[in-house]
Number of protein chains: 2
Amino acid sequence: MKDFLSLNSQLCFAVYETASEFTKLYASVLQPFGLTYTQYLVLLSLWEKDAVTMKELGARLHLGTGTLTPMISRMQENGWIQKRRSTEDERKVFVYLEDKARQQQMAITQKVAEEIQLCNIQVEEYNELMKRLNDLHHKLQDRTDHKKLGRS
Amino acid sequence: MKDFLSLNSQLCFAVYETASEFTKLYASVLQPFGLTYTQYLVLLSLWEKDAVTMKELGARLHLGTGTLTPMISRMQENGWIQKRRSTEDERKVFVYLEDKARQQQMAITQKVAEEIQLCNIQVEEYNELMKRLNDLHHKLQDRTDHKKLGRS
DNA sequence: GTCATTTAAATCGTGTACGATTAAATCGTA
DNA sequence: TACGATTTAATCGTACACGATTTAAATGAC
């Protein structure tokens, strides 16, 4: 049990600190553009696939409406995106990129790339870390899936 | 640049999603105890070293007073810890574990261990992930250090 | 065709998170 | 020893993040 406590607390801190350092790096790059890290994730998602509903966007980012609704409103106020209620099904709200977001994509990506390069992260490391994160991610998800199905 | 955009967005999502899934796992275990994930990190830190100042606690958790002060107050209201201003130097505020926190350490750790075991995470994976996270963590920090010193 | 159910967003309350500012105590040094 | 600089917390404003509730629209069973 003592082993577990120690290993566990190390992992808790590692995940927590690394994620927050990571976020801060991006935040510092994004600030001049008037973007937060989460808003940047929204743009990343929309650059891949535009014109999605709040529900789909929330699913992609694993965010509920309690987080998404006010954030998307702010992004609309800042001219990054547009929200429009569907006429077909008035429950749905679609989100669209504004020109500003398309025009600045390269500039933002460029600045992020420059900052990342300062860290000297090798592609191998990049991929290995991502693999490890995704493995953990899937194990965490499988666990909840098993629970929902009445444990495996 | 296109390569970078794709790799970068994958890593952004991987870090973000994994950290939030990870946090949610702990949150679900901790909720019956009336603890949040961050409050649990405070306990982990104090179980290792009790009777520290707000400043030291903030340094250990990489949290500023804007986050820490209200959180520590809540934890005091809930009987986990005690805050006492130093008589030697009245600028300093020391944080102490309450009996409740010591008494429940095993029960909390046990519940967390049970939940983690459901994920079938191997020790090798555990260590490898931690190594990768810490490597990234250090590279992120070195980068800011270089900047402060007028770039390397 | 009506009404219960389901679906999609918005809203609310609580709790992080962070940068900037403020306030009080202590320290350094003339 | 006086006083400006530094240190330590607290406070403030903005922005996530999440669970729970609410509201409105669409769907489905009868």
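Every value quoted in this text rests on a predicted model; they were computed, and no experiment measured them. Sequence lines set the chain letters: A, B, ... in the order given, protein chains first and strands last, and positions in each chain run from 1.
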Touch class at under 4.0 angstrom, heavy-atom based, for L68(B) against every strand present: nothing
Given dA17(D), dT7(D), dC18(C), the nucleotide with the shortest approach to the side chain of R91(B): dT7(D)
Of the listed nucleotides dA25(C), dA15(D), dT11(C), the one nearest the side chain of E90(B): dA25(C)
Base paired to dT22(D) (Watson-Crick or G-U; both N/O distances under 3.5 angstrom): dA9(C)
Nearest-nucleotide 5' precedence on DNA chain C, S20(A) against D89(A): D89(A)
Sugar-phosphate only, base, or nothing, as touched by Y16(B) at under 4.0 Å among non-hydrogen atoms: sugar-phosphate
Any T38(B) side-chain nitrogen or oxygen under 4.0 Å from OP1 or OP2 of dA17(C): yes
K111(A)/E115(A) salt bridge by N-O under 4.0 Å criterion: no
Donor on one side chain, acceptor on other, S6(B) and Q10(B), under 3.5 Å: yes
Any T65(A) side-chain N or O less than 4.0 Å from OP1/OP2 of dA10(C): no
Point-to-point distance, once rounded to the nearest 0.5 Å, from OH of Y16(A) to CG of L11(A): 14.5 Å
Candidates dA15(D), dT16(C), dA10(C) - which lies nearest the side chain of R74(A): dA15(D)
